Amino acid sequence: MVTLLLDQTRLEIVLSPIERAASFHRDNLRIERETIAKVQLIDDAWTWLRGVPNPGTHIPGILAAGTWKAAGSTDFVLIRRRRPSVVVDLLGDDQYRRLILTTSHGLALTQALRLDVTDEPADVEEIVATSPIPVSKGSRRPVIRPRPA
């Protein structure tokens, strides 16, 4: 699973050695924060996949990693099985139009992007956990009880 680091100017996607090999990337991805247009939490990242790997690895239903090219767009993809994922739409980035990443830290990413952060890159989970502003962990469904007769 990728590690997401965030500072005032940039989002860094830290890839493990296996993820680097599968995606054919030597370095971590660094995305300028101002180019992030939208972040969406999704359950099935495979429906968001478009184009063909160039270069990349594709084992249907198991792994999609690397640069995916479609008509007029280039995406960075790192999808593993059918796990919760995040789609990050980018505007004005030199290399990619969209990032599709399997991560359990998608909610923390969306919350951390709304907060003021330090100059030093920090894990999005740590940013949210140490935030002086309380960040909701998600709403709980109300309990519906029958009325007394």
Side-chain angles (χ1 to χ4, degrees), residues 1-140:
M1 179 182 333
V2 295
T3 301
L4 303 172
L5 302 178
L6 185 68
D7 65 15
Q8 288 182 346
T9 60
R10 176 181 354 194
L11 169 67
E12 185 171 352
I13 297 132
V14 180
L15 303 174
S16 70
I18 293 171
E19 292 166 339
R20 288 179 191 204
S23 64
F24 295 92
H25 274 261
R26 292 182 182 190
D27 295 323
N28 297 332
L29 271 83
R30 292 172 184 86
I31 305 297
E32 294 300 318
R33 194 170 173 174
E34 65 191 22
T35 63
I36 298 174
K38 181 169 52 170
V39 178
Q40 301 174 66
L41 303 176
I42 56 174
D43 289 328
D44 186 9
W46 294 97
T47 59
W48 289 82
L49 199 58
R50 60 185 179 187
V52 295
N54 187 14
T57 302
H58 185 217
I59 304 169
I62 297 173
L63 176 70
T67 301
W68 288 67
K69 294 190 178 184
S73 71
T74 303
D75 301 341
F76 179 80
V77 175
L78 189 52
I79 303 171
R80 288 198 203 129
R81 303 209 182 257
R82 302 217 183 273
R83 295 185 178 154
S85 301
V86 64
V87 175
V88 180
D89 289 322
L90 305 172
L91 285 176
D93 188 71
D94 295 337
Q95 197 170 9
Y96 299 111
R97 298 271 313 268
R98 182 187 288 172
L99 308 173
I100 306 171
L101 307 167
T102 297
T103 180
S104 60
H105 305 302
L107 181 59
L109 174 63
T110 60
Q111 293 171 339
L113 284 170
R114 295 179 183 163
L115 300 172
D116 291 328
V117 295
T118 63
D119 292 336
E120 289 296 316
D123 191 323
V124 293
E125 286 285 319
E126 292 175 15
I127 292 171
V128 172
T130 60
S131 168
I133 301 169
V135 180
S136 65
K137 296 279 185 187
S139 62
R140 299 189 91 170

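Because the structure is a prediction, the values reported are computed rather than measured.
A donor-acceptor contact shorter than 3.5 Å is absent between the side chain of Trp46 and the backbone of Ile62. A donor-acceptor pair is defined here as one N or O able to donate and one able to accept, closer than 3.5 Å; such a pair exists between the side chain of Arg33 and the backbone of Leu113. When atom types are taken as modelled, the side chain of Ser85 and the backbone of Arg83 share a donor-acceptor pair closer than 3.5 angstrom.
Taking CZ of Arg50 as the reference point, atom CD1 of Ile100 lies at 7.0 Å (rounded to 0.5 Å). Note that OG1 of Thr9 is 11.0 Å distant from CZ of Arg30, once rounded to the nearest 0.5 Å. Expressed to the nearest 0.5 Å, how far CZ of Arg81 lies from CD1 of Ile59 amounts to 9.0 Å. If you take CG on Leu99 and CD1 on Ile36, they are separated by 8.0 Å, rounding to the nearest 0.5 Å. Here OG of Ser23 is found 9.5 Å from CG of Leu63. Values are rounded to the nearest 0.5 Å. Distance check: Thr103 OG1 to Leu109 CG gives 8.0 Å after rounding to the nearest 0.5 Å.
Within the 4.5 Å cutoff, the side chain of Val39 has no heavy atoms near those of the Val87 side chain. Taking the side chain as every heavy atom from C-beta outward, Leu15 and Leu78 approach each other to under 4.5 Å. Between His58 and Trp68, the closest side-chain pair of non-hydrogen atoms falls below 4.5 Å. Between Lys38 and Leu91, every side-chain heavy-atom pair lies at or beyond the 4.5 Å cut-off. Side-chain atoms of Asp75 and Trp48, non-hydrogen and from C-beta on, never get closer than 4.5 Å to each other. In this structure, the side chains of Thr67 and His25 come closer than 4.5 Å at one or more pairs of heavy atoms. Residues Arg98 and Val77 form no side-chain contact, since every pair of their non-hydrogen atoms from C-beta on lies 4.5 Å or further apart. Looking at Ile79 and Thr102, their side chains come closer than 4.5 Å, going by heavy atoms from C-beta outward.
Around the CZ atom of Arg97, the shell of radius 6.0 Å holds no more than 12 heavy atoms that belong to other residues, nucleotides or ligands.
The two residues Tyr96 and Phe76 have their closest heavy-atom pair at CD2-N, 3.5 Å. Between Asp89 and Gln40 the shortest heavy-atom distance is OD2-NE2, 3.4 Å.
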### Task
Assess whether side-chain contact (heavy atoms from CB on, under 4.5 Å) is satisfied between Asn28 and Leu5, documenting all intermediate values.
CA-CA 11 Å; Asn28 297 332; Leu5 302 178; over 6 Å; no
### Residue pair Ile31, Val88: steps toward the side-chain contact (heavy atoms from CB on, under 4.5 Å) verdict
CA-CA 10 Å; Ile31 305 297; Val88 180; 6.0 Å; no
### Message
Pair Val86, Leu41 - check side-chain contact (heavy atoms from CB on, under 4.5 Å), show working.
### Response
CA-CA 5 Å; Val86 64; Leu41 303 176; 4.2 Å; yes
### Task
Give the intermediate values and the outcome of side-chain contact (heavy atoms from CB on, under 4.5 Å) for residues Thr74 and Lys69.
CA-CA 5 Å; Thr74 303; Lys69 294 190 178 184; 4.2 Å; yes
